[in-house]
2 protein chains.
Amino acid sequence: METRIDRIKKQLHAASYKLTPQREATVRVLLDHEEDHLSAEDVYLLVKDIAPEIGLATVYRTLELLTELKIVDKINFGDGVSRFDLRQEGAAHFHHHLVCLECGAVDEIQEDLLEDVEGVVEKRWNFQIKDHRLTFHGICWRCHDRSSQDSPEK
Amino acid sequence: METRIDRIKKQLHAASYKLTPQREATVRVLLDHEEDHLSAEDVYLLVKDIAPEIGLATVYRTLELLTELKIVDKINFGDGVSRFDLRQEGAAHFHHHLVCLECGAVDEIQEDLLEDVEGVVEKRWNFQIKDHRLTFHGICWRCHDRSSQDSPEK
DNA sequence: TAGCACATTATAATCATTATAATTTAAACG
DNA sequence: CGTTTAAATTATAATGATTATAATGTGCTA
């Protein structure tokens, strides 16, 4: 886990930025919540637990910086807020999302799945793909279960 | 073209809404700019040419209404604004987009392309898909051409 | 024509995000 | 060690998109 931060530190240095305490605290929060899709405000509140003096603007700037360096991804699910997500290490492409229309849960798909589709697009539209975003909207397995049987105890 | 508006009128009536002059003007603007991806503000300014007394709030409400009825789609390319796009008639699914990182152009893909992928997702993640969003980021054919040869006359 | 529901307008309010200006930190140098 | 200088941070104000509010208008139905 430490090594993960060290590698991020190197990435920052490679672009001649420093890993300041505030930036480190922000990264730590992201590492501790890899599953979630935190908004800038969420991150801010969580970072305050570690570094209470931090300002909201700094969190925004840090997230912007990390986005630029492709350490995190900025996503937008259509509600008014941007969400931030740590990239899988070594992932060339953005992972996909399943957004449940019922309960609002957001699950992730790490598999690529789009290789074939990308081939078609590159050829047919003569478009050189750098990245992609794919989101499915529908009903997640949890809500399925809930409606088919009477909520079994967890 | 007239028939297109008539059909939209029927869709509204079916949901017990009326096609008021303001709503008609808004729809007309969307029809006249099917290629573009207009923001609410863009639509507002264009509608003012036809119906100068219209208010911004009405445009927002109309676009929201049309989105609800699946007549238009609300998209978000990550810049701060929502954009609105008339659905292809009879399209069950949302069309895809190619966003050029160089010139910012947004092209559309009407083909589905995702049938196979959706089958996999529904089965493997037990997720009942209702809709999807797919956007590719990369370099469009125009920018390709521009950089490989010296801009030929249009 | 009176009553009533729906639409619309102008304006204000809200919320996320970004810019500003003053202050702090810290690396670099002598 | 002090000094200098650039980058980073902070608190706050400003901006810009969107939504809510309250007052007014429109047009059917009886």
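Computed from a predicted model, the values in this text were never measured in an experiment. Note: hydrogens, waters and symmetry copies are ignored here, and every other heavy atom, side chains too, is used. Throughout, protein chains are lettered first and strands after them, A, B, ... in sequence-line order, and every chain is numbered starting at 1.
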[X] [atom1] to [N] [atom2]: how many Å, rounded?
| X | N | atom1 | atom2 | value |
| --- | --- | --- | --- | --- |
| A:L12 | C:dA27 | CG | C1' | 17 Å |
| A:D42 | C:dT17 | CG | P | 10 Å |
| A:K48 | D:dT9 | NZ | P | 15 Å |
| A:Y17 | C:dT25 | OH | C1' | 18 Å |
| B:L19 | D:dC28 | CG | P | 13 Å |
| A:L38 | C:dA16 | CG | P | 15 Å |

Residues at least two apart in sequence or cross-chain that pass ring-ring contact (aromatic ring centres under 6.0 Å, His included) with A:H137, listed by chain then number, are none
Counterpart residues, ring-ring contact (aromatic ring centres under 6.0 Å, His included), relative to A:H97 (two or more places apart): A:H37, A:F77, A:F94, A:H95
Scan for ring-ring contact (aromatic ring centres under 6.0 Å, His included) pairs involving residues 3-33 of chain B, sequence neighbours excluded, and state none if there are none. none
Of all residues at least two apart in sequence or in a different chain, which pass the salt bridge (charged side-chain N to carboxylate O under 4.0 Å, His left out) check with B:R23? none
May I have the list of side-chain donor-acceptor pairs in residues 57-66 of chain A shorter than 3.5 Å, sequence neighbours left out?
{"from": "A:T58", "atom 1": "OG1", "to": "A:R61", "atom 2": "NH2", "distance (Å)": "3.2"}
{"from": "A:T62", "atom 1": "OG1", "to": "A:T58", "atom 2": "O", "distance (Å)": "2.8"}

How would nucleotides 10-27 of chain D be written as a contact map, 5' to 3', with B for base contact, S for sugar-phosphate-only contact and - for no contact, using protein heavy atoms under 4.0 Å? B------SBBB-------
Aromatic ring pairing B:H132/B:H96, orientation class (parallel under 30°, perpendicular over 60°, tilted between): tilted
